[in-house]
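Data first, discussion second: the structure below is written as structure tokens.
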Amino acid sequence: MITGATGMFGATLSKYFQDNFEVFATGTKDLNFDGIKNFMAFDLSSSDYSKLIEWSKPDTIIHAAALTNGNYCEQNPEQAFAINGISLQKFCKAIPEQTQLIYISTDAVFSNDKHLANETDCVHPESVYGKAKELGEFFLRHSNCDYTIVRTTIVGKNLNKNKQGFVEWIVNSSSAGSEISLFDDVLFTPISIWNLAEHLEYIINNPTAFSRKTFHVAGREICTKYQFGITLLKSLNLPTGLVKRGKITDFEDRAKRSTDQTLDCKRFEEVSQRQLPTLKQTIQELKDHYDEAN
Ligand SMILES: NC(=O)c1ccc[n+]([C@@H]2O[C@H](COP(=O)([O-])OP(=O)(O)OC[C@H]3O[C@@H](n4cnc5c(N)ncnc54)[C@H](OP(=O)(O)O)[C@@H]3O)[C@@H](O)[C@H]2O)c1
């Protein structure tokens, strides 16, 4: 079962796993794209998850649903804690211990001063979004569940045409000739949603090595959001002249977000014997998916 199937990552996961698994997909709204056979609308703020579990009878759950808008989380902390945190406690109560539960978490559980955070570093979230995701991790660690926490920093494309994520905003703005500002003081280690889906498949098929553990699964190269945007636009042969260098520190009203979102993923590479992508590979995957859509 995949939660968040109407969102950027959950939608791609639901499609990706269709070939080799029986996928049960869920989100709050109805799907507005094709290719997913089993879908049920379900609000994760509900108190009882038994209807969802009885419908899907999952061997594995990938929990990709979340309230991801940092400003919205800041203004609606109860909702953020309910969906991003307490949902994990409810899943643990609703599923048998042997159900594999993969929780998609985030770099936002770390504080600003952590460069290339690894799995042994202390978490110290500074935003409501990060605190709520960390609460979800807390429930898993204190449960009897067969969980894997995957902290990541994803970039990709929405199958839902009405949604616009970070990448689409950059591409659409350039195509429309609109000026945008990208942070040149924010570092991250992006991985594409398609690449991460492959690593999740490996985790599902090799559960023992990952059971009751936390892994960082992101890109192996660091860049700023500005560098990422310029490289992406150049690869798509789109104009870069209207992309300005911005500073996150200039946005006082914004929800607090770390200027260093980098993750050290050596542990995952060692355990899985798999290489995580370079920036060039991540940009190429985005380009391939944009080319395919055109
Ligand atoms: N995008 C990033 O930069 C990033 C970075 C690190 C980690 N992550 C994590 O990766 C995961 C996927 O992110 P994403 O970018 O794909 O997010 P997204 O596009 O915002 O999608 C979020 C999904 O969560 C669902 N959802 C929200 N509230 C819900 C509720 N009350 N009940 C049931 N479903 C609910 C949404 O359903 P509806 O649309 O139907 O309401 C949507 O399907 C999240 O867990 C996020 O924390 C994301």
Side-chain angles (χ1 to χ4, degrees), residues 1-16 25-33 36 39-49 51-52 61-73 76 78-88 90-91 101-110 117 125 127-137 140 149-170 183 186 188-194 196-197 200 215-219 225 228 255 257-258 261-263 265 282 286:
M1 180 176 69
I2 295 167
T3 71
T6 46
M8 179 179 77
F9 191 36
T12 285
L13 285 178
S14 301
K15 272 211 147 168
Y16 174 84
T26 178
T28 56
K29 301 182 192 81
D30 282 336
L31 286 181
N32 69 350
F33 51 89
I36 300 191
F39 179 84
M40 184 166 104
F42 185 84
D43 189 337
L44 291 169
S45 64
S46 311
S47 55
D48 184 4
Y49 284 17
K51 190 174 154 207
L52 189 61
I61 298 174
I62 303 179
H63 188 22
L67 288 172
T68 54
N69 182 321
N71 292 332
Y72 185 87
C73 289
N76 301 276
E78 275 188 30
Q79 222 182 323
F81 281 103
I83 305 308
N84 298 0
I86 296 167
S87 63
L88 275 304
K90 292 179 185 168
F91 270 124
L101 174 49
I102 300 175
Y103 175 45
I104 308 303
S105 192
T106 168
D107 58 87
V109 298
F110 293 107
S127 64
V128 170
Y129 169 71
K131 285 176 187 168
K133 295 292 287 187
E134 202 259 319
L135 180 68
E137 295 189 3
L140 290 178
I149 296 168
V150 173
R151 296 194 189 122
T152 188
T153 312
I154 41 175
V155 287
K157 202 165 173 279
N158 281 283
L159 290 174
N160 180 343
K161 301 241 176 331
N162 300 328
K163 289 200 175 188
Q164 176 174 265
F166 178 57
V167 166
E168 288 127 327
W169 172 66
I170 296 172
F183 298 137
V186 176
F188 74 145
T189 43
I191 185 170
S192 82
I193 52 176
W194 307 283
L196 182 57
L200 293 187
F215 288 90
H216 292 180
V217 189
K225 301 259 172 163
F228 171 84
R257 194 71 172 92
S258 175
Q261 303 168 7
T262 55
L263 293 172
C265 302
T282 298
L286 287 164

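Atoms within each ligand, like the ligands themselves, are counted from 1 in listed order.
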**Study point:** side-chain hydrogen bond (donor to acceptor under 3.5 Å, both in side chains) partners of Asn69, counting only residues at least two apart
**Key:**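 Asn69: no side-chain hydrogen bond (donor to acceptor under 3.5 Å, both in side chains) contacts found.
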Check your understanding: Under the 6.0 Å and 45° cation-pi test, does Lys225 pair with Phe166?
Key ->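 The answer is yes; both the distance and angle limits are met.
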Is there any protein N/O under 3.5 Å from an N/O of ligand 1, and what does the full list of such pairs look like?
{"unit_1": "ligand 1", "atom_1": "16 (O)", "unit_2": "Met8", "atom_2": "N", "d": "3.2"}
{"unit_1": "ligand 1", "atom_1": "16 (O)", "unit_2": "Phe9", "atom_2": "N", "d": "2.8"}
{"unit_1": "ligand 1", "atom_1": "19 (O)", "unit_2": "Met8", "atom_2": "N", "d": "2.9"}
{"unit_1": "ligand 1", "atom_1": "20 (O)", "unit_2": "Thr68", "atom_2": "OG1", "d": "2.6"}
{"unit_1": "ligand 1", "atom_1": "24 (O)", "unit_2": "Ala66", "atom_2": "N", "d": "3.1"}
{"unit_1": "ligand 1", "atom_1": "24 (O)", "unit_2": "Ala66", "atom_2": "O", "d": "3.3"}
{"unit_1": "ligand 1", "atom_1": "31 (N)", "unit_2": "Asp43", "atom_2": "OD1", "d": "2.9"}
{"unit_1": "ligand 1", "atom_1": "32 (N)", "unit_2": "Leu44", "atom_2": "N", "d": "2.8"}
{"unit_1": "ligand 1", "atom_1": "37 (O)", "unit_2": "Thr6", "atom_2": "OG1", "d": "3.1"}
{"unit_1": "ligand 1", "atom_1": "39 (O)", "unit_2": "Thr6", "atom_2": "OG1", "d": "3.3"}
{"unit_1": "ligand 1", "atom_1": "39 (O)", "unit_2": "Lys163", "atom_2": "NZ", "d": "2.8"}
{"unit_1": "ligand 1", "atom_1": "40 (O)", "unit_2": "Thr6", "atom_2": "OG1", "d": "2.6"}
{"unit_1": "ligand 1", "atom_1": "40 (O)", "unit_2": "Thr28", "atom_2": "N", "d": "3.1"}
{"unit_1": "ligand 1", "atom_1": "40 (O)", "unit_2": "Thr28", "atom_2": "OG1", "d": "2.7"}
{"unit_1": "ligand 1", "atom_1": "40 (O)", "unit_2": "Lys29", "atom_2": "N", "d": "2.9"}
{"unit_1": "ligand 1", "atom_1": "41 (O)", "unit_2": "Thr28", "atom_2": "OG1", "d": "2.3"}
{"unit_1": "ligand 1", "atom_1": "41 (O)", "unit_2": "Lys29", "atom_2": "NZ", "d": "3.1"}
{"unit_1": "ligand 1", "atom_1": "43 (O)", "unit_2": "Gly4", "atom_2": "O", "d": "3.2"}
{"unit_1": "ligand 1", "atom_1": "43 (O)", "unit_2": "Thr6", "atom_2": "N", "d": "3.4"}
{"unit_1": "ligand 1", "atom_1": "43 (O)", "unit_2": "Thr6", "atom_2": "OG1", "d": "2.7"}
{"unit_1": "ligand 1", "atom_1": "43 (O)", "unit_2": "Gly7", "atom_2": "N", "d": "2.9"}
{"unit_1": "ligand 1", "atom_1": "45 (O)", "unit_2": "Ala64", "atom_2": "O", "d": "3.3"}
{"unit_1": "ligand 1", "atom_1": "45 (O)", "unit_2": "Ile104", "atom_2": "O", "d": "3.4"}
{"unit_1": "ligand 1", "atom_1": "45 (O)", "unit_2": "Lys133", "atom_2": "NZ", "d": "2.8"}
{"unit_1": "ligand 1", "atom_1": "47 (O)", "unit_2": "Tyr129", "atom_2": "OH", "d": "2.6"}
{"unit_1": "ligand 1", "atom_1": "47 (O)", "unit_2": "Lys133", "atom_2": "NZ", "d": "2.9"}

Point to revise | Within residues 156-170 or reaching into it, pairs that qualify as salt bridge (charged side-chain N to carboxylate O under 4.0 Å, His left out) - sequence neighbours excluded | key: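 The answer is none; no pair qualifies.
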Check your understanding: Side-chain contact, heavy-atom cut-off 4.5 Å: Arg151 with Val109?
Key ->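 Answer yes - side chains close enough.
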Check your understanding: Minimum heavy-atom separation for Asn84 to Tyr103, with atom names?
Key ->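 For Asn84 versus Tyr103, the nearest heavy atoms are O-OH, 3.0 Å.
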**Study point:** Glu134: partners by salt bridge (Lys or Arg N to Asp or Glu O under 4.0 Å), with sequence neighbours left out
**Key:**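 For Glu134 there are no salt bridge (Lys or Arg N to Asp or Glu O under 4.0 Å) partners, ignoring immediate neighbours.
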